[in-house]
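Just below is one structure, and these are the notes that go with it.
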Amino acid sequence: MKILKSIMVGAVISASTLSMHSQGLGNILSGLGNGSSDSGNVLTNIIEGVFTKSDLSLSDLIGEYQAQGPAVTFKSDNLLQKAGGIAGAATIVSKLQPYYEQYGLNNMVLTVDSAANFTMKIKSLSLKGTITKNDSEGTFDFNFNVMGIKLGKFTAYIEKSGNNLNLMFDASKLKDIISTVAKFTGNSMASALASILDSYDGACIGWKMVSTAQNTNTSSGSAISNSLGTLKDILNKGN
């Protein structure tokens with residue numbers, strides 16, 4: 001399963017900043033991969049911020065997740081490079097974060113049951129529907145409805161590692177979801193976020209989330225250590 005890139009980006013940026021004068025990013029990646037070139041390549045691909053076909057199943061999504069902030073990925077290397085590479089992806093996250101905090105998007109809760117029904121609660125509004133898997137693309141379709149009104153099908157790009165999950169949609173589709181929430185709640189977030197989301201056409205944007213069973217506060221240092229530790233464990237298992 002894939003690592004949450006938004007978590008990894010923050011961890012690697014922090015780690016590389018602390019180690020800047022003694023070693024380069026390549027050395028950091030090699031160290032995490034225990035010197036394995038295959039592991040190093042896998043880790044590099046993860047950090048590059050490009051979505052690859054997911055091997056997740058519907059059953060892997062079962063649970064309740066609490067949003068922790070924005071998540072960003074791209075569908076191709078070309079789109080990522082147009083956005084400025086991994087530094088550009090990190091910039092998008094930093095620009096979105098204040099909006100997520102101001103408009104309560106960080107409080108979004110996603111619940112998925114064993115029948116692939118979901119509830120996405122944002123503010124006082126609950127968006128509900130069903131999820132289906134696109135095996136050929138490695139993506140998922142969220143069929144939304146609110147208060148009995150069908151909103152349509154939205155392709156979701158999902159990554160999961162352990163208790164962490166990234167849920168992302170095309171930027172234009174996320175804008176539609178947010179506009180719906182704003183319409184029913186009277187929130188002004190739609191207009192505030194519209195221009196910024198329009199600026200990132202080609203990006204997939206959404207939420208980085210954590211299982212509510214594991215949603216505990218940790219220091220930034222601890223979060224970085226845990227993220228890098230998870231990477232190392234997964235890479236070791238793959239060897």
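The residues of the chain are indexed from 1 along the displayed sequence.
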Using a 4.5 Å cut-off on heavy atoms from C-beta on, say whether the side chain of Y103 contacts that of I178.
-> no

Keeping the roles fixed (side chain from N163, backbone from V210), state whether a donor-acceptor pair exists under 3.5 Å.
-> no

For G206 and Y100, the nearest pair of non-hydrogen atoms, with its separation, is O-OH, 2.6 Å

Any residue meeting salt bridge (Lys or Arg N to Asp or Glu O under 4.0 Å) with K173, in chain and number order, not counting sequence neighbours = none

ring-ring contact (aromatic ring centres under 6.0 Å, His included) partners for Y65, two or more places apart = none

Min side-chain heavy-atom separation F140-L58 under 4.5 Å | yes

Heavy-atom side-chain proximity of E159 to F51 below 4.5 angstrom | yes

Got a sec, which residues hit salt bridge (Lys or Arg N to Asp or Glu O under 4.0 Å) with K153, two or more places apart in sequence or on another chain?
-> D141

With sequence neighbours left out, write down each residue that passes side chain to side chain donor-acceptor pair (under 3.5 Å) with T180, or none if nothing qualifies.
-> none

Can you sort out the partners of E101 under side chain to side chain donor-acceptor pair (under 3.5 Å), two or more places apart, ordered by chain and number?
-> Q97

What are the two closest non-hydrogen atoms of F169 and A156, and how far apart are they?
-> CE2-CB, 3.6 Å

D170 side chain near K75 side chain, heavy-atom distance below 4.5 Å | yes

Could you tell me the separation between the CG atom of L110 and the OG atom of S211, rounded to the nearest 0.5 Å?
-> 11.0 Å

In sequence, state the C-alpha distance, the side-chain angles, and the governing distance for D55 and D60, and then conclude on side chain to side chain contact (heavy atoms under 4.5 Å, CB included).
-> CA-CA 10 Å; D55 60 356; D60 290 322; over 6 Å; no

With side chains defined as the heavy atoms from C-beta onward, is the minimum distance between L56 and I158 less than 4.5 Å?
-> yes

Per-pair distances, 0.1 Å, donor-acceptor, side chain in residues 86-94, under 3.5 Å, sequence neighbours excluded:
unit_1 : atom_1 : unit_2 : atom_2 : d
T91    : OG1    : A87    : O      : 2.9
S94    : OG     : T91    : O      : 2.7

Compare all side-chain heavy atoms of F142 with those of L127 and state whether any distance is below 4.5 angstrom.
-> no

Across all chains, not counting sequence neighbours, the side chain to side chain donor-acceptor pair (under 3.5 Å) partners of S59 are S57

With hydrophobic residues grouped by side-chain heavy-atom distances under 4.5 Å, do V109 and V112 end up in a single group?
-> no

Pairs in or reaching into residues 125-137: which pass salt bridge (Lys or Arg N to Asp or Glu O under 4.0 Å), with residues at least two apart or in two chains?
-> K133-D135

What closest approach, in Å, do A71 and K208 show between heavy atoms, and which atom pair accounts for it?
-> CB-N, 3.6 Å

What pairs with D176 under salt bridge (Lys or Arg N to Asp or Glu O under 4.0 Å), at least two apart in sequence or on another chain?
-> none

Rounded to the nearest 0.5 Å, how far apart are CD of Q68 and CG of N166?
-> 11.0 Å

Do W207 and L174 come within less than 4.5 Å of each other through their side chains, counting heavy atoms only?
-> yes

For D113, all residues meeting salt bridge (Lys or Arg N to Asp or Glu O under 4.0 Å), sequence neighbours excluded = none

Please identify each residue that fulfils side chain to side chain contact (heavy atoms under 4.5 Å, CB included) with S179, with sequence neighbours left out.
-> K175, A190

Heavy-atom nearest pair, N106 first then Q66, reads O-NE2, 3.1 Å

Under the ring-ring contact (aromatic ring centres under 6.0 Å, His included) test, which residues partner F154, sequence neighbours left out?
-> F144

CD1 of I177 to CG of L193, rounded to nearest 0.5 Å, is 12.5 Å

